[in-house]
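Everything numeric here is computed off the predicted structure, so don't read it as measured data. Just so we're on the same page: letters track the sequence lines, and every chain starts at 1.
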There are 4 protein chains.
Amino acid sequence: MSVPTPYDPHSPEGSAKRSRRKEARPRELLDAALDLFVEKGFAATRVDEVAARAGVSKGTLFLYFPSKEELFKAVVRENIVGRFTEWNSELETMTGSTSDVLRYCYKVWWERIGCTKASGITKLMFSEAQNFPEIAEFYQQEVIFPGQALIRRILQRGMDRGEFRQVPLDGATYLVMVPMIYLMLWENSMGACSPQVMGLTPQNYMDSALDGILHGLCVRPEATLAPSPSPTVSPHSSV
Amino acid sequence: MSVPTPYDPHSPEGSAKRSRRKEARPRELLDAALDLFVEKGFAATRVDEVAARAGVSKGTLFLYFPSKEELFKAVVRENIVGRFTEWNSELETMTGSTSDVLRYCYKVWWERIGCTKASGITKLMFSEAQNFPEIAEFYQQEVIFPGQALIRRILQRGMDRGEFRQVPLDGATYLVMVPMIYLMLWENSMGACSPQVMGLTPQNYMDSALDGILHGLCVRPEATLAPSPSPTVSPHSSV
Amino acid sequence: MSVPTPYDPHSPEGSAKRSRRKEARPRELLDAALDLFVEKGFAATRVDEVAARAGVSKGTLFLYFPSKEELFKAVVRENIVGRFTEWNSELETMTGSTSDVLRYCYKVWWERIGCTKASGITKLMFSEAQNFPEIAEFYQQEVIFPGQALIRRILQRGMDRGEFRQVPLDGATYLVMVPMIYLMLWENSMGACSPQVMGLTPQNYMDSALDGILHGLCVRPEATLAPSPSPTVSPHSSV
Amino acid sequence: MSVPTPYDPHSPEGSAKRSRRKEARPRELLDAALDLFVEKGFAATRVDEVAARAGVSKGTLFLYFPSKEELFKAVVRENIVGRFTEWNSELETMTGSTSDVLRYCYKVWWERIGCTKASGITKLMFSEAQNFPEIAEFYQQEVIFPGQALIRRILQRGMDRGEFRQVPLDGATYLVMVPMIYLMLWENSMGACSPQVMGLTPQNYMDSALDGILHGLCVRPEATLAPSPSPTVSPHSSV
DNA sequence: GATGAATGAGTGTTCATTCAT
DNA sequence: TATGAATGAACACTCATTCAT
């Protein structure tokens, strides 16, 4: 969405090779840029490298993005997809225990964000926030706050239904979010150096975190924590 | 320790101002560099700026550090506080409940690391790990592993004494460490942009985290979680 | 003349709009280029801008002119008006006083060159002569020398008929030419910035120059300088 | 004056090679830049070339001038020395005929400006005025207007003393100035290509111009125009 | 014939590093 | 020891030119 494609008028999808490339170009560039920015940081990433990785020349990059800084912003913007509305409605339709909702939440997050390149954006933001305050601000508005709200709603549901202890919402929200955020940061920095150093697979890490969190939250943990084999989730039955 | 002071003829401490400055130079440079590296990252930090902030000329910086890269490594090395042996013995002498030990651990960590510039090192490592793999490795050896071991020992103590549930050590260790690490990362990146955005003071954040963790770990949380007014800790009575 | 129209199958003037455009293309490009070259100089003028101002794409420009440099040369060549033979014969038929001939000469020059875009060519040549020596040479042969010869012939006429003092021809020729040349240069450079700064309208400037010149040349200035109301010129009665 | 010398504290004129260079650097750079800007125009001049001609590296140039544009401005500013005040007072003390004053004026102008590199500035301004409007404005204020005023004062003197005809001042001022300006423009553009093409030496050109001008101005030209062997000028007896 | 996407050599500018003083 | 002038390799960005469509 809003990919800078200098409006190609003709070619009703039966287009030739050249114009198909033209449409694909910005995305390829953004992907290459995401990789490199995440890996090396903004300043240490050379635009030639980005172009080369996208398979084009340096000049071509500047055809689509007027400057390195705008490229950076586009990378962040493009990868901050507003999935939260989707998730919100998804979670509202769930009927199971709030523990299961939380579990499902972790699972879905991992599959759609955590284990994809999109997780690199978070690393990027933490690394470059001070150099790009406007972008950091934007990121908070678009990602952090909606994410917090999502978690908060789940916690509230748990407390409302008597499943969770009465806890201060803000603190508990962090308790839930932080393990996910940390995993993204780790995987895109130190974890990429010596992969096995965490000692745990991401799956195990997340299971442990969930277990700890739910034990801390649930009124009768021992009862709930034998994980019900399949959460009763309506959409995306493949999940 | 290991501060590079080029042949200092042991100046018997009654020396003139000049040589006292000379001794202080490297530390001042390292401090300035730490600030800037944390703030802007390695690549975006200019050595002129480091020198200027330390109050010396650019040439002088290169008198003490042969290159920007070596300066970076020195910054990390110098600020990696290897206090774990000290903390280890401290914790061994503690007689209170393991909950209190953990509480004390958080408190002491916050006071000695979390709220100081040293916390910036962690941010630095996460941001630059991929550009400096050797030093990331070093950081893991010197900080992460000892830290993990420390936490692990506390958890083991809790389980041994029947205070904590039997939980898998690795996962639980992360549950304890991650909130601290995350706080350092936040405060040195996004938190520095819009400070109040977390919604919680660091203190509240840590209290919430501890509360959640202990609830998740303790066998009889409700009994232990009324925080005993003063933990019975021997050293550093001021704490 | 010599406009580069790639094999135009003589399209018998009843042709469609497209081919009429095709014929007009080079002229439109040359006009646009003249404007921009005069305004910003050769190096600072972008071929995209030229193309855009001519309403075509960059690629089209290169269809007609093989390089920016050739475009420049074509601009100069096309705009160098070789009207001197025409003017020569015009002046030979004049019967009035040589003062009036000179006056007429100024007037006609102003109307046909001085106040048109063609005057920009002189500015261009003075600005770029060193970068385009061959074309500067060409300009001298085609414009400067014929112009000098024209003036010289008029001066000779004046001296031959006893109207003008006996003066060295070369010097006097400059006395006559320089005010015109200067006016072209001024109008196309500084004059375009702050137009009124000259303090005089071009007309007043030229009248003053003529007055000064004739006073300096005429044997009995006071007699001749009451400008005879209408010079007895044969061709172009509208002038 | 106002040469950007990053204040060299020590070295009381017995300085070593390095610091003497440092003082000379900006002037050398400005000289090199003047040459090249005049020769090729602003856009076509490469900063490497300027640096090379000044015998330094490209980086050094940027030590003294923050950008190519500032270098250009400095070139103009530095070469527009406020000579006009000097000349004004000089001319006020002259006692001879106004014809002689005008003659002296031409002579002195030629020696101090016309035949020096400073004349290139005028060419520069005419070529680049549209690209640097602020500078063109500055040039008019600092050079053109004072120059006009100087000439005007001389003409007024001639008319006041009954030596010159009563003529409109503005027009006559141009009559006097334009030959000088044109000479500068010619010499720094086409004249530099094919030097002999003017047909006249600058001296002859100027003599002719003066002769024509004075003939046009003087009440009794034949009397005054036998040039008095040596103008009675007080200052600078060597002139 | 006309387009405009693609190119890459070239330009202004920066910055870590050196070294004469 | 400390300086800061000097360097030049490296970078972001431009723009004349090409060429597939």
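Straight-line distance from the CG atom of C:Leu29 to the P atom of E:dG1: 14 Å, rounded to whole Å. Going from atom CZ of D:Phe62 over to atom P of F:dG8 covers 15 Å, rounded to whole Å. If you measure from atom CZ of C:Phe42 to atom P of F:dC15, you get 13 Å, rounded to the nearest angstrom. To the nearest angstrom, C1' of E:dT14 lies 12 Å from NZ of A:Lys68. Taking atom CG on A:Leu63 and atom P on E:dG8, their separation rounds to 14 Å, with Å as the unit. Residue B:Glu49 contributes atom CD, which lies 17 Å from atom P of F:dG4 at whole-angstrom precision. One atom, CG of B:Leu61, and another, P of F:dG4, lie 14 Å apart when rounded to the nearest Å. For the pair B:Asp48 CG and F:dT3 P, the interatomic distance rounds to 14 Å; values are reported in whole Å.
If C:Ser57 and D:Thr45 are placed on DNA chain E by their nearest nucleotide, the residue sitting closer to the 5' end is C:Ser57. With the nearest nucleotide of DNA chain F identified for both A:Glu69 and C:Ser67, A:Glu69 has the one nearer the 5' end.
Of the possible polar contacts, none joining the D:Ser189 side chain to the C:Ser127 backbone as a donor-acceptor pair under 3.5 Å is found. Looking only at distances, no side-chain donor or acceptor of C:Lys58 sits under 3.5 Å from a matching main-chain atom of C:Glu49.
Nearest nucleotide to the side chain of D:Val56, out of F:dT17, F:dA12, F:dT7: F:dT7. Set against F:dA16, E:dA6, F:dG4, the side chain of A:Arg25 has E:dA6 as its closest nucleotide.
D:Lys58 contributes a side-chain N or O that forms a donor-acceptor pair with the base of E:dT13 under 3.5 Å.
For the OP1/OP2 pair of F:dT3 and a distance below 4.0 Å, the side-chain nitrogens and oxygens of B:Thr60 include at least one atom meeting the criterion. Put simply, B:Tyr64 has no side-chain N or O that comes within less than 4.0 Å of OP1 or OP2 on F:dT1.
In summary, of the residues considered (B:Arg53, B:Lys123, B:Lys40), a salt bridge (charged side-chain N to carboxylate O under 4.0 Å, His left out) with B:Asp35 occurs for B:Arg53 alone.
In terms of heavy-atom proximity, D:Thr45 sits nearest to D:Gly41 at OG1-O, 2.7 Å.
The pairing partner recorded for F:dA5 is E:dT18, the criterion being a Watson-Crick or G-U wobble arrangement whose two distances lie under 3.5 angstrom.
At a threshold of 4.0 angstrom between heavy atoms, the contacts of A:Val47 are confined to the sugar-phosphate backbone, with no base atom among them.
Using bins of under 30°, 30° to 60° and over 60° for the plane-to-plane angle, the ring pair D:Phe132/D:Phe72 lands in the parallel bin.
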